[in-house]
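Owing to the predicted nature of the structure, the values given are computational and were not obtained by experimental measurement. All chains are named by letter (A, B, ...) in the order of the sequence lines, taking the proteins before the strands, and each is independently numbered beginning at 1.
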Amino acid sequence: MKQKLETLLQHAVESLKSEGILDQKSSPQINIERAKDTRHGDFASNLAMMLAKQAKTNPRQLAEKIILLLPKDSSISKVEIAGPGFINFFINADAQFQVIKKIHVAGKKYGLSNVGAGKKVQVEFVSANPTGPLHVGHGRGAAYGSAVADLLQAVGFDVSKEYYVNDAGRQMDILATSVWLRYLEECGEVVAFPSNGYRGEYIRDIAFNIHKNTENEYRRPAELVLEDIPADEPQGGDKEVHIDALIDRTKTLLGESLYRDLFQAGLTVILDDIKDDLEAFGVTFQEWFSERVLMEDGSVKEAMERLDKAGYIYQKEGATWFASSRLGDEKDRVVVRENGQTTYFASDIAYHMNKLDRGFDQVINIWGADHHGYIPRVRAAMQALGADDSKLTVLLVQFAILYRGKEKVPMSTRSGEFVTLRQLRSEVGTDAARFFYVMRKSEQHMDFDLKLATSKTNENPVFYVQYAHARVCSVLRQLDEKGWERDLNLGMENLDRLTEDHELALITDLSKYPEILEKAALKYEPHQLIHYLRDLATSFHTYYNAHQFLVEDEALRNARLNLICAAKQVLANGLSILNINTPESM
RNA sequence: GCGCUUGUAGCUCAGCUGGAUAGAGCAUCGGCCUUCUAAGCCGAGGGUCACAGGUUCGACUCCUGUCAAGCGCGCCA
C-alpha cells in the first residue's frame with residue numbers, strides 16, 4: 001500500500017515537472033507515513049511542505065495541485081489536505097480487508113520479505129570467555145543477538161550465527177590453575193586459594209569430577225606447589241604476580257601433556273554448560289569458532305605478517321606494535337608481548353580477517369558497551385589489511401545493572417558472586433526473560449530489578465501478548481463446543497460486515513506487521529517488534545471486550561473468526577521470530 | 001583530561017528518515033464478570049521532553065555549548 005502511494009505521488013511529481021512548476025532536475029524524496037490519528041486517514045505525506053519552497057508557492061496550494069495530478073486508484077477512497085499542508089490518504093475498506101486474506105494464504109510466511117536479497121550476514125554474539133557459567137549480563141547479549149539475527153533472516157538475509165570461543169590466553173590458564181588447586185584440596189592437600197583465582201562453586205564441581213575419574217594422577221605435594229611463590233595480595237604481595245607464578249608452577253609440575261588434559265577438561269565442562277544453557281534459552285549457533293585454532297593453525301602469525309608487509313608493524317621496548325594510530329585509533333597497540341606471546345588483539349585481527357575471507361557481505365559484532373573503545377583498533381586493523389571496514393557493524397549492548405530492591409547486586413565472575421542466566425530462567429521463565437531483555441533498546445542502560453522480575457511474574461508484559469494468542473485459541477475451542485463449524489469462505493465473502501471501529505483498528509495493525517518487521521530488522525531494533533506485538537495484543541483485547549465473536553449471525557461470525565485468526569497468526573509469527581512460545585491456553 | 005553511550009510522567013521505558021494534541025506499562029484513584037479465559041477492558045490524575053542557544057514553515061528528534069549518570073582510555077581478555 002505504501003509503495004502504491006509512493007508510485008502515485010511520483011507520477012504527480014512528474015506532472016508537476018512537465019507543467020514547469022518544479023525544476024526538471026529535482027528528484028524529491030517521497031515520504032509516506034502511517035497517520036497517527038485516524039482522523040488523518042491511513043497514510044500521510046509531507047511532500048507539499050517539502051516542495052513548497054522550490055515551487056515558490058505555499059504548501060496548501062501545492063498540495064491541491066498535487067492532488068489534482070494524482071492518478072486515480074480504486075483502493076483510495078479520499079485524499080485530503082490538512083494542517084500546514086499534509087496530504088492525507090484514506091484507504092477504502094475493501095482494500096483494507098485484503099490483508100486478512102493475505103495473512104490466511106501466507107500463514108507463517110506473512111510478514112517475511114526479501115529486502116535482504118540473500119546477502120550473507122554473520123552475527124557474532126555472546127562470545128563470553130568460557131571461564132564460568134553465563135550470568136545475567138550475558139543474557140542480554142544472547143537475547144538481543146539472536147533476535148537481531150532471526151529478524152535479519154526473516155527479511156531475507158542469509159544469516160550465520162557465531163560464538164567466538166576465547167579458549168586461549170591467560171584467563172584460561174587462571175581457570176586451569178584454579179581447577180587444579182581445588183583438585184588438590186580434594187586430595188587433601190592444603191593450599192591457600194589465590195585471591196585472583198576463580199572462586200565459583202562450579203570450579204569445585206569440575207575438580208571433584210576430575211578427581212573422581214583420575215584417582216590422584218594430578219596430585220602434587222603442597223610444599224612443591226607453594227615453594228618460592230611470591231605472596232598474594234592479602235599477605236601484602238601482588239595478586240597478578242602471585243597467580244602468574246602459580247600458573248607457571250602448575251605447568252611445570254604437571255608437565256605439558258597433563259596440563260593440557262586438565263585445561264581441556266575444564267574447558268569442555270564449562271563450554272558444554274554454556275551450550276546447554278543457551279539452547280534452553282532458545283539461542284543456537286551455526287559456528288563455535290575457536291581462538292586456539294586460530295593461533296595453532298598459523299592464522300595469527302599470517303595476519304601479523306600481512307600487517308608487517310603493509311608497513312604497519314614496528315618494534316619498541318621489546319614488543320611488537322601495530323601502528324593503529326595512523327588509522328584513527330588513539331594510540332598504537334601491542335600485538336606481540338615482550339615475552340613472545342601474542343595479545344588477544346592479535347587473535348582478534350586474525351579472526352576478523354578470517355571472517356571476511358569466509359565471504360560474508362556483512363559482519364555484525366554484538367559487544368558489551370564496555371568494549372566500545374576497542375572498535376577503532378579493529379577497524380584500523382581491517383583497513384591496514386586492505387579490507388573494507390564498512391562491512392563491519394558493531395552493535396553495543398549496555399550492561400544490565402542488577403538490583404535487588406534498591407540494592408545493587410555485585411557482579412564478578414572471579415569472585416563467583418553473580419546471578420547466572422540459568423537462575424534467572426528458572427525464576428522468571430525463559431519466555432519472560434527473553435522478552436524482558438529485548439524489550440529495551442540495546443544502547444539503553446537497563447535497570448534489572450530481580451525482586452520485581454521474580455516476584456511479579458504475572459505482571460510481565462510477555463503474558464499479555466501470549467494471553468491474546470491463547471484467547472483466540474479459546475474462542476475456537478468454544479466454537480467447537482457449541483457444535484459450530486468454522487466456514488472460512490463464508491467469512492471471507494463477508495469481510496465487509498466488519499464495520500466496528502475496533503475491527504478496523506485491528507485490521508490496520510495487522511497490515512503494519514511487514515513494515516515493522518523490516519524496520520526492526522534493518523535498524524537492528526528488535527524492541528520495535530515487541531512494542532508492535534504489545535499494541536497488537538491491546539487492539540485484540542479491546543476488541544474482545546467490546547464485542548462477541550461467537551454470534552448467531554453466521555456470516556458475521558465467520559468474518560470475525562477470520563479476523564481474529566489473522567491476529568492469532570501475526571502474534572504467532574512475531575513471537576516465533578523472538579523465539580517465545582505461543583501457548584494455546586493459559 | 002579525552003572518547004563512547006544515556007538524560008522524556010512518581011518508577012521502568014517507547015517516540016519511526018524533523019511533522020498534526022509527546023505515548024505505554026507499573027504505581028495511585030474510580031468503574032466493568034448470569035454472554036467467547038478479569039493474566040482482560042473502560043476512565044481519571046500525572047510532563048518546562050536535563051538546561052541554554054542555533055538551524056526552519058515546523059525540533060523530543062538535527063547542530064553547538066553547559067550540567068548530570070554509566071562505561072572506556074593495559075605488553076588483561
Side-chain angles (χ1 to χ4, degrees), chain A residues 29 31 33-37 39-40 44-46 49-50 52-53 58-59 82-86 88 127-129 131 166 168-172 174 240 291 316-321 330-331 333-345 347-348 368-376 396 398-399 401 439-449 452 456-464 466-468 470-479 481-482 515-516 519-520 523 525 527-528 530-531 534-535 537-538 540-551 560-561 564 585-586:
Chain A
Q29 164 95 33
N31 294 327
E33 44 190 49
R34 291 271 180 184
K36 282 177 193 161
D37 190 322
R39 282 172 302 179
H40 300 139
S45 176
N46 60 355
M49 289 183 284
M50 290 179 61
K53 213 172 212 177
N58 77 54
F86 287 103
N88 291 338
S127 300
N129 286 345
T131 51
N166 298 125
R170 185 161 170 266
Q171 295 305 319
M172 291 305 298
I174 294 177
E240 305 290 347
E291 179 189 2
K316 194 179 88 183
E317 294 161 5
T320 305
W321 296 70
E330 43 183 31
K331 54 179 113 170
R333 309 290 173 179
V334 170
V335 284
V336 183
R337 284 187 281 246
E338 208 175 345
N339 65 11
Q341 284 182 340
T342 52
T343 59
Y344 172 84
F345 179 45
S347 302
D348 232 15
D370 54 340
H371 284 65
H372 65 76
Y374 200 75
I375 300 171
L396 297 176
Q398 287 289 344
F399 191 72
I401 303 163
M439 206 162 61
R440 270 89 197 230
K441 234 180 0 191
S442 64
E443 319 91 87
Q444 183 65 253
H445 299 263
M446 185 165 119
D447 285 351
F448 203 132
D449 187 340
L452 208 85
K456 299 191 176 182
T457 54
N458 278 0
E459 283 163 19
N460 200 304
V462 67
F463 292 108
Y464 182 80
Q466 289 179 322
Y467 185 42
R471 267 184 155 174
V472 178
C473 297
S474 171
V475 170
L476 294 175
R477 282 193 298 270
Q478 288 286 326
L479 179 79
E481 279 167 30
K482 292 193 183 207
E515 298 162 26
I516 297 286
K519 198 163 60 182
K523 295 187 71 180
E525 291 186 343
H527 76 274
Q528 294 209 29
I530 298 251
H531 283 277
R534 287 173 73 170
D535 287 346
T538 299
F540 172 77
H541 286 310
T542 303
Y543 178 37
Y544 180 96
N545 273 272
H547 300 283
Q548 185 85 18
F549 308 145
L550 300 178
V551 291
R560 286 184 169 170
L561 285 171
I564 64 168
S585 68
M586 290 175 74

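Nearest nucleotide to the side chain of A:His531, out of B:rA14, B:rG19, B:rC41: B:rA14.
Of the P atoms belonging to B:rU6 and B:rC63, the separation is 12 Å, rounded to the nearest Å. B:rG70 sits 33 Å from B:rA22 when the P atoms are compared, rounded to a whole Å. Distance check on atom C1': B:rG19 versus B:rU61 gives 11 Å, rounded to whole Å. B:rG46 and B:rG10 are spaced 8 Å apart, taking the C1' atom of each and rounding to whole Å.
Residue whose closest nucleotide on RNA chain B sits further toward the 5' end, between A:Ser442 and A:His372: A:His372. Summary of the strand contacts: A:Asn129 and A:Phe86 both lie near RNA chain B, and taking for each the nucleotide with the nearest heavy atom, the more 5' one is attributed to A:Phe86.
Nucleic acid contact class of A:Lys331 (heavy atoms, under 4.0 Å, all strands): sugar-phosphate only. If you check every strand for non-hydrogen atoms under 4.0 Å, A:Ala35 touches nothing. Heavy atoms of A:Phe345 sit nowhere under 4.0 angstrom from any nucleic acid atom. Looking at heavy-atom distances under 4.0 Å, A:Thr542 makes contact with sugar-phosphate atoms alone, never a base. The residue A:Tyr344 sits close to a base: some heavy atom pair falls under 4.0 Å. Note on A:Ala546: nothing from the nucleic acid sits closer than 4.0 angstrom, heavy atoms only. Here A:Asn88 lies in heavy-atom contact (under 4.0 Å) with a base. Counting non-hydrogen atoms under 4.0 angstrom, A:Asn46 reaches a base of the nucleic acid.
Between A:Lys316 and B:rC75 there is no side-chain N or O to OP1 or OP2 distance below 4.0 Å.
Taking the side chain as every heavy atom from C-beta outward, A:Glu515 and A:Arg34 approach each other to under 4.5 Å.
By the stacking rule of 5.5 Å between ring centres and under 30° between planes, A:His527 does not stack on the base of B:rA14.
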